[in-house]
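Here the structure comes first, spelled out in structure tokens, and everything after it is commentary.
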Protein chains: 2
Amino acid sequence: MTAAPRARRSDATRAAILRAARERFAADGYDRATIRAIAAEARIDPSMVMRYYGSKEGLFAAAVEFDLRLPALTELPPEQLGGLLVRHFLDRWEGDETLAALVRTATTNPGAAERMRTIFAEQLAAAMSGLGDPTEAPRRAGLVASQILGLALTRYIIRLPPVVDMDPAELVAWVAPTVQRYLTGPTPAWA
Amino acid sequence: MTAAPRARRSDATRAAILRAARERFAADGYDRATIRAIAAEARIDPSMVMRYYGSKEGLFAAAVEFDLRLPALTELPPEQLGGLLVRHFLDRWEGDETLAALVRTATTNPGAAERMRTIFAEQLAAAMSGLGDPTEAPRRAGLVASQILGLALTRYIIRLPPVVDMDPAELVAWVAPTVQRYLTGPTPAWA
DNA sequence: TGTCGATGTCAACGAGCGTTGGCCTACAGT
DNA sequence: ACTGTAGGCCAACGCTCGTTGACATCGACA
């Protein structure tokens, strides 16, 4: 349980730092984002960042707390799961730059990669756990993640022109069947 | 045309630098890899790297020249394209660390992202250009890239356990139908 | 053999970074 | 009104990095 959230006089500053941190980390990734740039954007001194978050790593950890806000998949129309999930991820991605910060950083920073694995396991895989064969659920969740993260990578990070230019609805129409099959399709035969 | 490749006495050194560079860039990404570490691994002085490649950026550009070695897609059995492509990418990825270097770097480095876009356009999209409706081909190529790169990201970079643990054959069996549909499936209806 | 460019080593510069400690200021509790 | 403490700024340290230039050495060619 979090301790009593006694209002501190510095709460506004702390929030400004966090907001600036998310913005810089999302735009530049962990290494290229600097405490100095974050402080400048929050219009405070770099030393305040240290005082409130201890270190750059501490700030990053605080800045990338993230909730996918996945709905309970078992309560949705089973045949629409793919489309709903893809749409939800697109919305979530465009409404919160935290995910960009995480992916940009996770490719080179072991801690951020671990955070992504945790989010995956505790949120996506957990949300899917009641869907089918429990021994197969993690693999299916992994496949869903591969398509969803690949979509995010090509659309928002690397920015492949055709993927950037596609309408969200068109994207959903193309990708939803893939996710749907990973979620509820039959296990393919393999040697 | 490349100029006459007159043998230089330093060719072995240059090759050693390039090999070390690929290894460090692949493991750490552009920012975290240091000229000093690359030089140490190549057992030469950091200043030699500068002499032969001009700058860290120049070294990176030389180190990530990359050929996907895609076969001519129009000459393959059309109904096996998906499986063959997925298998080819997995092999290519595991046999050459250059791709890891590129993806690790492209998330934070605009130049590397541009290089990825070029590889995509000149190699993947180009290889697919004879496959179907030319106005639709780039979009289909983008979708293929999203699934393939997502697979690479989750398996080799972020290392989501279920995706890491899956057998290559199992992975191909799951993902091939996705790629196959992106390549040759009907255009989905969308509002 | 003598010469000159290519090859390689060494030490250092200058910049940017995370981080620290000292100091001033302003507000809350008495 | 007094005082302690939290909030805030400034200057600097120590480190690592890319990069540079001076100097030593080797090897091909005349």
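So that the names make sense, note that chain A is the first sequence line, chain B the second, and so on, each numbered from 1.
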Legend entry - Over 12 foreign heavy atoms within 6.0 Å of CD, B/Glu136: yes
Legend entry - Euclidean distance, atom OH of residue B/Tyr53 to atom P of C/dT7 [Å, nearest integer]: 12 Å
Inset, instruction - For B/Asp11 and C/dT7, give me the distance from atom CG to atom C1', rounded to whole Å. - result: 12 Å
Inset, instruction - Return the value, rounded to whole Å, for the distance between atom CZ of A/Phe25 and atom C1' of C/dG18. - result: 12 Å
Legend entry - B/Arg32 CZ to C/dG18 C1', straight-line distance once rounded to whole Å: 13 Å
Inset, instruction - Map A/Ile35 and A/Arg51 onto DNA chain C by nearest heavy atom, then report which one ends up closer to the 5' terminus. - result: A/Ile35
Inset, instruction - Anything under 30° is parallel, anything over 60° is perpendicular, the rest tilted; go ahead and classify B/Tyr30 against B/Phe25. - result: parallel
Inset, instruction - With heavy atoms under 4.0 Å as the rule, sort B/Ala12 into base, sugar-phosphate or nothing. - result: nothing
Legend entry - Note: A/Arg155-A/Glu94 ion pair, threshold 4.0 Å (strictly below): yes
Inset, instruction - To the nearest Å, give me how far apart CE (A/Met48) and C1' (D/dC9) are. - result: 9 Å
Legend entry - Between C1' of C/dA6 and OH of B/Tyr52, the distance in whole Å: 7 Å
Inset, instruction - Using a 4.0 Å heavy-atom cut-off across all strands, classify A/Ala33 as base, sugar-phosphate, or nothing. - result: sugar-phosphate
Inset, instruction - Using atom CE of B/Met50 as one end and atom C1' of C/dA12 as the other, report the distance to the nearest whole Å. - result: 15 Å
Inset, instruction - Check if the side chain of B/Arg36 and the base of D/dG18 share a donor-acceptor pair of N or O atoms closer than 3.5 Å. - result: yes
Inset, instruction - Select from B/Thr34 and A/Thr13 the residue whose nearest nucleotide in DNA chain D is closer to the 5' end of that strand. - result: A/Thr13
Inset, instruction - Look up atom CD1 in B/Ile17 and atom CD1 in B/Ile35, then write down how far apart they are to the nearest 0.5 Å. - result: 9.0 Å
Inset, instruction - Find the distance A/Asp45:CG to D/dC9:P and express it as a whole number of Å. - result: 6 Å
Inset, instruction - Indicate whether OP1 or OP2 belonging to C/dT19 is found under 4.0 Å from a side-chain N or O atom of A/Ser47. - result: no
Legend entry - Flag, side chain of A/Gln123 to backbone of A/Leu68, donor-acceptor distance under 3.5 Å: yes
